[in-house]
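A quick write-up on the structure given underneath.
Nothing fancy with the numbering, it's 1 onward along the sequence.
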Amino acid sequence: MKISIISFTQKGADLSLRIKELLPQRDYECTLYSASSFVSQKEIIKKEGSLEEWCKDRFSEKSAIIFIGAMGIAVRGIAPCIKDKLTDVPVLVLDEKGEFVIPVLSGHFGGANELASLLAGCIKACPVITTATDINSKFSVDLFAKKNNL
């Protein structure tokens with residue numbers, strides 16, 4: 001799975017580098033971006049243009065998105081791109097301290113909940129899963145459909 005990670009601060013950029021080191025061992029390919037001009041790491045690409053356009057590009061290339069920053073920034077960035085649960089890409093938000101991993105979009109079918117749990121385990125964070133089936137340990141029709149190619 002392709003993952004695009006975007007950060008907005010130096011601490012966020014540092015966390016994105018840490019995540020990039022951990023996820024390829026689990027068949028994830030990460031590309032790092034930053035909206036900040038002060039990020040000096042060579043592995044991080046400076047985001048050009050608007051956040052909305054950047055998100056639109058990630059959605060079209062079917063890349064999962066991890067925002068390291070405020071939930072509001074993520075929501076405003078992805079809002080114009082959202083279509084439906086079968087085609088939306090997984091979107092997660094992490095705080096820059098790496099304490100919380102929150103799947104925002106495409107939790108079941110896109111795999112955001114699973115990625116959030118995996119990532120939280122890797123960086124010793126708390127996954128904030130809010131889907132009713134998950135928190136109540138109930139059967140999920142959409143997860144069953146995905147796993148069975150339905």
Between Leu15 and Asp95, does a side chain to side chain contact (heavy atoms under 4.5 Å, CB included) hold up when you go through it step by step?
-> CA-CA 9 Å; Leu15 179 57; Asp95 64 291; over 6 Å; no

Given side chains that start at C-beta, do those of Phe67 and Ile5 come closer than 4.5 Å, heavy atoms only?
-> no

Over all heavy atoms of both residues, which pair between Pro127 and Ala116 is shortest? Give the atoms and the distance, please.
-> CB-O, 4.1 Å

Describe, in one word, how the ring planes of Tyr33 and Trp54 are oriented to each other, choosing from parallel (under 30°), tilted (30 to 60°) and perpendicular (over 60°).
-> perpendicular

Considering only heavy atoms from C-beta outward, does the side chain of Leu94 approach that of Ile102 to under 4.5 Å?
-> no

Can you see which heavy atom on Gly110 is nearest to which on Pro90, and at what distance?
-> O-CG, 3.0 Å

Hey, does the side chain of Lys11 reach the backbone of Ala13 with a donor-acceptor pair shorter than 3.5 angstrom?
-> no

Any Leu32 side-chain heavy atom under 4.5 Å of Ile45 side chain | no

Between the NZ atom in Lys97 and the CD1 atom in Ile123, the distance rounded to the nearest 0.5 Å is 13.5 Å

Would you call Ile66 and Ser4 a side-chain contact if the rule is heavy atoms closer than 4.5 Å?
-> no

What pair of heavy atoms forms the shortest contact from Glu52 to Cys81, and how long is it?
-> O-SG, 4.4 Å

Would you indicate whether the side-chain heavy atoms of His108 and Thr131 approach each other to under 4.5 Å?
-> yes

Would you mind checking if Glu21 and Arg18 are paired as a salt bridge, meaning a charged N to carboxylate O distance below 4.0 Å?
-> no

Under a 4.5 Å cut-off applied to non-hydrogen side-chain atoms, are Ile44 and Leu17 in contact?
-> yes

Which of Val93, Ile19, Leu92, Ile6 passes side-chain contact (heavy atoms from CB on, under 4.5 Å) with Ile68? Answer is Ile19

With a 4.5 Å heavy-atom cut-off, do Met71 and Val104 have their side chains touching?
-> yes

Roughly how far, to the nearest 0.5 Å, is CD of Glu43 from NZ of Lys20?
-> 5.0 Å

Judged by atom type as modelled, is there a donor-acceptor pair below 3.5 Å linking the side chain of Ser106 to the main-chain atoms of Asp88?
-> yes

Who passes side-chain hydrogen bond (donor to acceptor under 3.5 Å, both in side chains) against Glu114, sequence neighbours left out?
-> none

Work out which heavy atom in Ala120 is nearest to a heavy atom in Cys126; give both atom names and the distance.
-> CB-C, 4.3 Å

Leu119 vs Leu22 side-chain heavy atoms within contact, under 4.5 Å = no

Which other residues belong to the hydrophobic cluster containing Phe109, where Ile, Leu, Val, Met, Phe, Trp and Tyr are joined when side-chain heavy atoms lie under 4.5 Å apart, directly or via other members?
-> Leu86

Whether Ser63 side chain and Phe59 backbone form a donor-acceptor pair below 3.5 Å = no

If you measure from NZ on Lys46 to OG on Ser34, what distance do you get to the nearest 0.5 Å?
-> 8.0 Å

Are Thr87 and Asp84 linked by a side-chain donor-acceptor pair shorter than 3.5 Å?
-> yes

Are Ile129 and Val75 in one and the same hydrophobic cluster, where Ile, Leu, Val, Met, Phe, Trp and Tyr link if side-chain heavy atoms are under 4.5 Å apart?
-> no

Rounded to the nearest 0.5 Å, what's the gap from CZ on Arg58 to CD1 on Ile78? Could you check?
-> 14.0 Å

Minimum heavy-atom separation for Thr9 to Gly12, with atom names?
-> OG1-N, 3.0 Å

